[in-house]
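This report refers to the structure that appears directly beneath it.
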Amino acid sequence: MTALGFLYPGHSAEDDYPRIEQLLGSDIRLDLVHTDIGEDVHRVDALRRMGAPERLTAGVEELRLSGAESVVWASTSGSFVYGWEGAHEQVRALARAAGMAASSTSFAFVHAVRELGALGVRRVAVGATYPEDVTGLFVDFLRAGGVEVTGVRGTGTAAADVATWGEDEVRALARAADLPEADAVLLPDTALHTAAYVPRLEKELGKPVLTANQVSVWEALRLADRRVNAPGLGALFRREPLVQA
């Protein structure tokens, strides 16, 4: 059994994780600890407070006791708002507190795009639920990681409303963000339910789709040195070997 740990802010799309655990179809357990979200808004100062060290380390002991082999701060906006270097320091501090390999959803997106480079993914389009200034910080983060961003679509949706979106809204966001020159589409909000929709989105758009909770789990597996083939989670998980470790 491989146990993977996630620090998830508040309560919104956390039910993506048991769904993903089922789709992995292997001896993998996903353990979530909910962190204090503070003010639930997509505003830079509030997002920086949400990702503050004291809020992340508060849940670390529970994950350590669960036997987790890696931990991911499952918040995209709560990591990229610190910038490339600041987000590195955030996960270094988390790794020290947890005593295990650590990362965040922002880095998971960068690493996942690099992984899909073998499929010809070089340029991405972003469909974000954030306001323009916050979305711009995500684009800056991706570019700092060597990812070419060809287009951006932001909705400025209130954070509390994002978790109520169903498949129709998610599909509309992905379609609005997609561009012919983009090799993949990124949907960065972990508050967005997407785990059930990735294969259909990829079929509709004809290209890989990377979503926040999906890449968070892939990143935790990568840190734990596990490789799992799970076609139900999209092209990213079809890159893994058919024979599971």
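Since this is a predicted model, take the numbers as computed values, not measurements. Note that the numbering runs from 1 along the sequence shown for the chain.
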Closest non-hydrogen contact found for Thr194 with Asp16 is N-OD2, 3.1 Å

Taking atom CD as the centre, does Gln22 end up with more than 12 heavy-atom neighbours from other residues, nucleotides or ligands that are less than 6.0 angstrom away? no

Cluster question for you: counting only ILVMFWY and a side-chain heavy-atom cut-off of under 4.5 Å, with indirect links fine, are Leu137 and Val41 together? no

Taking the side chain from Gln90 and the backbone from Gly51, do they hold a donor-acceptor pair closer than 3.5 Å? yes

Please check: side-chain N/O of Tyr17 versus main-chain N/O of Asp31, any donor-acceptor pairing under 3.5 Å? no

Verify the neighbour count for atom CD of Glu54: are there more than 12 heavy atoms of other residues, nucleotides or ligands below 6.0 Å? yes

Derivation and outcome, side chain to side chain contact (heavy atoms under 4.5 Å, CB included), residues Glu69 and Met100: CA-CA 6 Å; Glu69 297 180 28; Met100 67 185 82; over 6 Å; no

Under 3.5 Å side-chain donor-acceptor pair for Thr150 and Glu181: no

Checking the side chain of Thr135 only, and the main-chain atoms of Ala128 only, is there a donor and an acceptor separated by less than 3.5 Å? no

Can you tell if the side chain of Asp27 reaches within under 4.5 Å of the side chain of Arg226, non-hydrogen atoms only? yes

How about Arg222: does its CZ atom have over 12 heavy atoms from other parts shown lying under 6.0 Å from it? yes

So that I can tick it off, tell me whether Arg227 and Glu115 are bridged by a salt bridge, with the cut-off set at under 4.0 angstrom between side-chain N and carboxylate O. yes

Counting distance only, does the side-chain N/O of Asn213 pair as donor-acceptor with the main-chain N or O of His193 below 3.5 Å? no

Tell me every residue that passes salt bridge (charged side-chain N to carboxylate O under 4.0 Å, His left out) with Arg122, counting only those two or more places apart in sequence or in another chain. none

Does the pair Ile20 and Leu233 meet the rule for a side chain to side chain contact (heavy atoms under 4.5 Å, CB included), with working shown? CA-CA 8 Å; Ile20 292 172; Leu233 290 169; 3.8 Å; yes

Does any part of the side chain of Glu85, heavy atoms only, come nearer than 4.5 Å to the side chain of Glu89, both counted from C-beta? no

Side chains of Ser216 and Thr105 only: does a donor on one sit below 3.5 Å from an acceptor on the other? yes

Separation between CZ (Arg175) and CD (Glu204), nearest 0.5 Å, reads 5.0 Å

Looking only at heavy atoms, the pair that brings Glu62 and Val33 closest together is CD-CG2, 3.7 Å

Leu30 and Phe6: side chain to side chain contact (heavy atoms under 4.5 Å, CB included), yes or no, with the steps? CA-CA 7 Å; Leu30 308 183; Phe6 301 87; 3.8 Å; yes

Please examine the side chains of Asp183 and Val124, heavy atoms only from C-beta on, and report whether any two atoms are closer than 4.5 Å. no

Taking atom types as modelled, is there a side-chain donor on Ser106 or Ser79 under 3.5 Å from an acceptor on the other? yes

For Glu14 and Ser12 the tightest heavy-atom approach is OE1-N, 2.6 Å

Rounded to the nearest 0.5 Å, what's the gap from CG on Leu47 to OG on Ser75? Could you check? 7.0 Å

With a 4.5 Å heavy-atom cut-off, do Leu186 and Leu142 have their side chains touching? yes

Which pair of heavy atoms, one from Phe138 and one from Pro188, lies closest together, and at what distance? CE2-CB, 3.6 Å

Do the side chain of Arg29 and the main chain of Ser66 share a donor and acceptor less than 3.5 angstrom apart? yes

Could you tell me whether a side-chain N or O of Glu132 sits under 3.5 Å from a main-chain N or O of Gly156, the two making a donor and an acceptor? no

Any chain of hydrophobic side-chain contacts (each under 4.5 Å) joining Val121 to Val198? no

Residues Met1, Ile28; criterion side chain to side chain contact (heavy atoms under 4.5 Å, CB included); working and verdict: CA-CA 6 Å; Met1 173 66 68; Ile28 293 169; 5.6 Å; no

Side-chain heavy atoms of Val215 within contact of Thr76, under 4.5 Å: no

Check for a donor-acceptor pair, side chain of Lys207 on one end and backbone N or O of Glu202 on the other, with a separation under 3.5 Å. no

Do side-chain atoms of Arg64 reach the backbone of Ala97 as a donor and acceptor pair under 3.5 angstrom? yes

Which atoms form the tightest heavy-atom contact between Gly67 and Ala3, and what is the distance? O-CB, 3.7 Å

Is there a side-chain contact between Thr129 and His42, using heavy atoms and a 4.5 Å cut-off? yes

Output field: ring centroids Phe107/His88 closer than 6.0 Å: yes

Indicate the atoms forming the closest heavy-atom contact of Ser70 with Leu4, along with that distance. OG-CD2, 3.6 Å

Taking atom types as modelled and ignoring hydrogens, do the side chains of Thr35 and Arg55 form a donor-acceptor contact shorter than 3.5 angstrom? no

Heavy-atom check, side chain of Pro9 versus side chain of His34, under 4.5 Å: no

Apart from Leu192 itself, members of its ILVMFWY cluster (side-chain separation under 4.5 Å) are Val162, Trp165, Val170, Leu173, Val185, Leu187, Tyr197, Leu201, Leu205, Val209

Non-hydrogen side-chain atoms of Trp73 and Tyr8 separated by less than 4.5 Å: no

Is a salt bridge present between Arg19 and Asp15, judged by a nitrogen-to-oxygen distance below 4.0 Å? no

Polar side-chain atom of Glu169 near backbone of Gly166 as donor-acceptor pair, under 3.5 Å: yes

Check: Phe109 ring centre within less than 6.0 Å of Phe80 ring centre: no

Hydrophobic cluster identity match, Phe237 and Leu119, side-chain contacts under 4.5 Å: yes

Gln214 side chain vs Thr211 backbone, donor-acceptor pair below 3.5 Å: yes

